[in-house]
Amino acid sequence: MSGVVRIRHVKIPVGDLARSVAWYRDLLRLTLAAEFRDQGVLRGAQLMDANGFGIALREREFCASKPDLAGFDVVALEVGAVEDLHELVRRADELGAEHTGVTDRGEYGAFLDLIDPDGTVIRVLADNPLHAGRFIGVDSDADGGFTLYDTPTL
């Protein structure tokens, strides 16, 4: 896409705005950058990191269709190294935040799922092999294993 330099933010519907702001701020070390009110009532917030990426939160009751994303990995963030995932696990444990622990798949990268207060999964990746110019097909099995293929089917 011509001219696009980054995804500015991801907006996530939440049940309790104050609780979710605290969870995302503390766990991901984000800063509160903005609040959004509808007719004087606080309904949303924008959290940012130092590099300009943001997570916007909006009370689910005031989102179109009132989406419930519990159990769904709506976004994947990427960190620089697997050790950063382990640091996130340590911080999550200190804060009592639910997570899956780090799954390291060697040359296929590692990931950590953080479960927010509404059950939405925030996946964090390290050493992910997916990038422009290289195709990888992934076929997951019922036991969590996977096989790879190199010819697109779409």
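The figures that follow rest on heavy atoms only: side chains count, while hydrogens, waters and symmetry mates do not.
Residues meeting the salt bridge (charged side-chain N to carboxylate O under 4.0 Å, His left out) test with D118, sequence neighbours left out: R19, R60. For A76, the side-chain contact (heavy atoms from CB on, under 4.5 Å) partners are R123, L125, not counting sequence neighbours. F53 pairs by the ring pair (Phe, Tyr, Trp, His ring centres under 6.0 Å) definition with nothing, not counting sequence neighbours. The ring pair (Phe, Tyr, Trp, His ring centres under 6.0 Å) search around F146 returns Y108, not counting sequence neighbours.
In the displayed structure, I7 atom CD1 is contacted under 6.0 Å by at most 12 heavy atoms of other residues, nucleotides or ligands.
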Would you tabulate the side-chain donor-acceptor contacts of residues 84-100 under 3.5 Å, counting partners in other chains and residues two or more places apart, or write 'none'?
from: D84; atom 1: OD2; to: G80; atom 2: N; distance (Å): 3.3
from: D84; atom 1: OD2; to: A81; atom 2: N; distance (Å): 3.1
from: E87; atom 1: OE1; to: R90; atom 2: NE; distance (Å): 3.3
from: E87; atom 1: OE1; to: R90; atom 2: NH2; distance (Å): 3.3
from: R90; atom 1: NH2; to: E83; atom 2: OE2; distance (Å): 2.5
from: R91; atom 1: NH1; to: L27; atom 2: O; distance (Å): 2.5
from: D93; atom 1: OD1; to: H99; atom 2: NE2; distance (Å): 2.7
from: H99; atom 1: ND1; to: G101; atom 2: N; distance (Å): 3.0
from: T100; atom 1: OG1; to: D113; atom 2: N; distance (Å): 3.1

Report, one line per pair, each donor and acceptor closer than 3.5 Å where one atom sits in a side chain of residues 64-73; sequence neighbours left out.
from: D68; atom 1: OD1; to: A70; atom 2: N; distance (Å): 3.0

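Counting only heavy atoms from C-beta outward, the side chains of P129 and I136 approach each other to under 4.5 Å.
With hydrophobic clusters built from ILVMFWY side chains whose heavy atoms lie under 4.5 angstrom apart, F111 does not share a cluster with V79. Cluster membership check: L130 does not share its hydrophobic cluster with V75, using side-chain heavy-atom separations under 4.5 Å among Ile, Leu, Val, Met, Phe, Trp and Tyr. Both L17 and L32 are members of a single hydrophobic cluster when ILVMFWY side chains are connected at heavy-atom separations under 4.5 Å.
Hydrophobic cluster membership for M48: none, as no Ile, Leu, Val, Met, Phe, Trp or Tyr side chain comes under 4.5 Å of it. Residue I115 shares its hydrophobic cluster (ILVMFWY side chains chained together at separations under 4.5 Å) with V121.
A ring-ring contact (aromatic ring centres under 6.0 Å, His included) check over residues 19-45, counting only residues at least two apart or in different chains, returns nothing. For residues 141-154, the set of pairs meeting the side chain to side chain donor-acceptor pair (under 3.5 Å) definition, not counting sequence neighbours, is empty. Among residue pairs with one or both ends in residues 100-110, none qualify as salt bridge (charged side-chain N to carboxylate O under 4.0 Å, His left out); sequence neighbours excluded. Residue pairs meeting the side chain to side chain donor-acceptor pair (under 3.5 Å) criterion with at least one member in residues 31-55, sequence neighbours excluded: D38-R58, R43-E59.
For the atom pair CG (L47) and CG (L28), the distance works out to 9.0 Å, reported to the nearest 0.5 Å.
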